[in-house]
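Taking it in order: structure first as structure tokens, then the write-up.
Both counts, for ligands and for their atoms, begin at 1 and track the order of listing. Count residues from 1 along the sequence.
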Amino acid sequence: MSQISIPVPDIGDFAGVQVIEVLVAVGEQVAENQALILLESEKATMEVPCPAAGTVFQLLVEVGATVAEGDAILLLELDTSVPDLTIPESARPAPAPAEPTRALDFDCDVAVLGSGPGGYTAAFRAADLGLKVTLIERWPSLGGVCLNVGCIPSKALLHTAHIIDHAAAMEEHGVVFGTPAIELDKLRLFKNSVVDRLTGGLVQLAKQRKVTVITGEGRFADPHTLTIKTADGEQRVNFRHAIIAAGSESVRLPGLPYEDERLMDSTGALELSEIPGRMLVIGGGIIGLEMANVYAVLGSAVDVVELTPGLLPGCDPDLVKPLQRRLQKRLDNIWLGVKVSAVDAQGEGLKVHFEGANAPEPRTYGRVLLAVGRTPNGGRIAADAAGVQVDSRGFIPVDRQMRTNVPHIFAIGDIAGQPMLAHKATHEGKVAAEVIAGEKSEFDARCIPSVVYTDPEVGWVGLTETQAKADGIAYDKGQFPWAANGRSLGMGNVDGFTKILFDKETGRCLGGAAVGPNAGELMAELGLAVEFGADAHDIGLTIHAHPTLSESVGMAAEAAAGTLTDLYLPKR
Ligand code: FAD
């Protein structure tokens, strides 16, 4: 038997491409033209066919290797029945009919696991780029946490809370509304209608793009197969590429009585089954404070307990202050540096025990909301069956193209790392879809905005002052108080400010933040300034409409540029 080495054939204009799958094993008999390995370039996926029938003697490449034209990929022992390839073609006998080639029997180009903002965006973008897409979702409706039990329903309720709050505040302006009558069923219906409208819209968008949607829980069976438990039994999807967008879920603290429905996570709180007389929110982060805001305005006496010394861990303390002042009036108690040590389910309520220097005596609540963070679902999808690495916290490490350690499998959104935000997930979804379609995309955002939709709102984007100090980054700061902003005063608001950080050396905008009514909207301009590397003059010389809250961005920049006239700032 003669042995030949099979080289990578002419693969076009590529210096190096990656082996994403080895399709044969040592000892396997292969037919002429049978696919041996699968290569993936930035533009396409290619099979390397076997030039002759034979038996695989040795594999010379493995998954993940980078190869170029001419590189040997395996040693093949030629069948004695096939001609010696060293003999010129003209001198060879006529070839025997080729054996049927092993088809790569994929059901779809891309299987997307999870239909949250990351998953549905990836699925739709991939379909728009001409790929055949299957979207797998365990819940009956599309849209994931964000649309069903996260961003959207919480903001619908927060809007209601803001209106009630602002109507009450009008008393100081001489307009007195009566005490609001809250029809909880109707409010719940409104919130659900907003959710239904958006999730129903996704069904239409999937149909229009011919994305196949499978309802059921998916798990990897091997690097190219997902098995899905559907209502009609198990279904298998063989995919060429997969995008894992399985998101996250609420963190559970050990030892709490989860069987008692009065202990809620954010999903339970958003169901709005009742407005309890007394409610405890465990966790002073974004979700905890937003829900505390809603329930307090709807009539509950709300306490917030937070383990760390401050609210909104990670946010600059100066931004938290105006919110905390407002919350101190709206909420019954805010306990910082205090831990919940136990929750006893009793007939009259949930009795909560606290620990810490400022810990109160045990108290009984009608409802307790546990909002201490979210944990990624990496450990729940049998990722190991596909060879996909998952870290100890359940995150799936990815590169800038959202590729996992298995080159044809991608991960996006909450499961791919912090920050766990919907707008990060959607951008990552687009990158993954575009890379699979052969585009040269990568996730290269300089900043991802964060917004807390309380009243007042808090927003920050890019570098924070806390981070700048921790990293020793030299910066100049421009700040403008909303007490000097006409629009803010007209809204009855004297609290809050906008600040912008500029690189001390280059003058470029590194980050910005604001606290006040609708402060979140200002993150758009500040984010753009960071992305474009604007300096204080670029922002200050951009004419902002008057009177708007966005003028505070222009004026914060003018404060940094030394051109501000709306305040007197002594020369430094
Ligand atoms: P998810 O939205 O978590 O979606 C994952 C989907 O995968 C789910 O539908 C799940 O059912 C499905 N899935 C999981 N495992 C499987 C499986 N094995 N088989 C099939 N399907 C599976 N972010 C913001 O940016 N702004 C906000 O205002 C905001 N507010 C929030 C408020 C609340 C109360 C909560 C809880 C979250 C909020 N978030 C907000 C966070 C935001 O919802 C998430 O960052 C975002 O939804 C993450 O998107 P994703 O696509 O990664 O995953």
Report the nearest protein non-hydrogen atom to atom 6 (C) of ligand 1: residue, atom name, distance rounded to 0.1 Å.
Glu137 OE1, 3.6 Å
With Ile412 as reference, evaluate Ile243, Thr121, Val112, Ile396 under the side chain to side chain contact (heavy atoms under 4.5 Å, CB included) test and give the passing residue.
Ile243
What do you reckon, does Gly216 put a non-hydrogen atom under 4.0 Å from ligand 1?
yes
Nearest heavy atom to atom 17 (C) of ligand 1 wins, so pick from Gly378, Cys151, Gly218.
Gly218
Quick one: look at Leu113 and ligand 1, take heavy-atom pairs under 4.0 Å, and tell me if it's side chain, backbone, both or neither.
side chain
Contact with ligand 1 for Arg374, non-hydrogen, under 4.0 angstrom:
yes
Return yes when atom CD of Glu183 has more than 12 non-hydrogen atoms of other residues, nucleotides or ligands closer than 6.0 Å, and no otherwise.
no
When you measure from atom 32 (C) of ligand 1 to every protein heavy atom, which one gives the shortest distance, and what is it?
Gly150 C, 3.4 Å
If you measure only the distance, is there a donor-acceptor pair under 3.5 Å linking the side chains of Thr199 and Ser141?
no
What class does the angle between the rings of His166 and His162 fall in, given that below 30° is parallel, 30 to 60° is tilted and above 60° is perpendicular?
parallel
For ligand 1, note which part of Lys155 has a heavy atom under 4.0 Å away: side chain, backbone, both or neither.
side chain
If I apply the N/O under 3.5 Å rule, does Cys146 come out as touching ligand 1?
yes
Return the closest protein heavy atom for atom 25 (O) of ligand 1 as residue, atom name and distance.
Ala422 N, 2.9 Å
Among all protein heavy atoms in this structure, tell me which lies nearest to atom 7 (O) of ligand 1, with the distance rounded to 0.1 Å.
Gly114 CA, 3.2 Å
Can you pull out the closest protein heavy atom to atom 15 (N) of ligand 1? Residue, atom name and distance to 0.1 Å, please.
Ala246 CB, 3.5 Å
Can you confirm whether more than 12 heavy atoms, excluding those of Arg363, are under 6.0 Å from its CZ atom?
yes
Above 12 or not: heavy atoms from other molecules or residues under 6.0 Å from CZ of Arg325?
yes
For Asp414, which part has a heavy atom under 4.0 Å from ligand 1: side chain, backbone, both, or neither?
both
Taking NE2 in His427 as the centre, count heavy atoms belonging to other residues, nucleotides or ligands within less than 6.0 Å. Is the count above 12?
no
Under 3.5 Å: N/O of Gly143 near N/O of ligand 1:
no
Could you find the nearest protein heavy atom to atom 2 (O) of ligand 1 and give me its residue, atom name and distance?
Val145 N, 2.9 Å
Relative to atom 46 (C) of ligand 1, which among Ala425, Pro117, Gly116 owns the nearest non-hydrogen atom?
Pro117
Establish, from distance only, whether the side-chain atoms of Asn377 and Ser248 form a donor-acceptor pair under 3.5 Å.
no
Quick check: does Arg138 get an N/O under 3.5 Å from an N/O on ligand 1?
yes
For atom 53 (O) of ligand 1, the protein heavy atom that lies nearest, with its residue and separation
Gly247 CA, 3.3 Å
Between His408 and Phe239, how do the two ring planes meet: parallel, tilted or perpendicular, split at 30° and 60°?
tilted
Nearest 0.5 Å, please: how far is CD1 in Ile381 from CG in Leu113?
5.5 Å
So Arg326 and Thr454, do their side chains get closer than 4.5 Å, heavy atoms only?
no
Which residue owns the protein heavy atom closest to atom 37 (C) of ligand 1, what's the atom, and how far is it?
Ile287 CD1, 3.8 Å
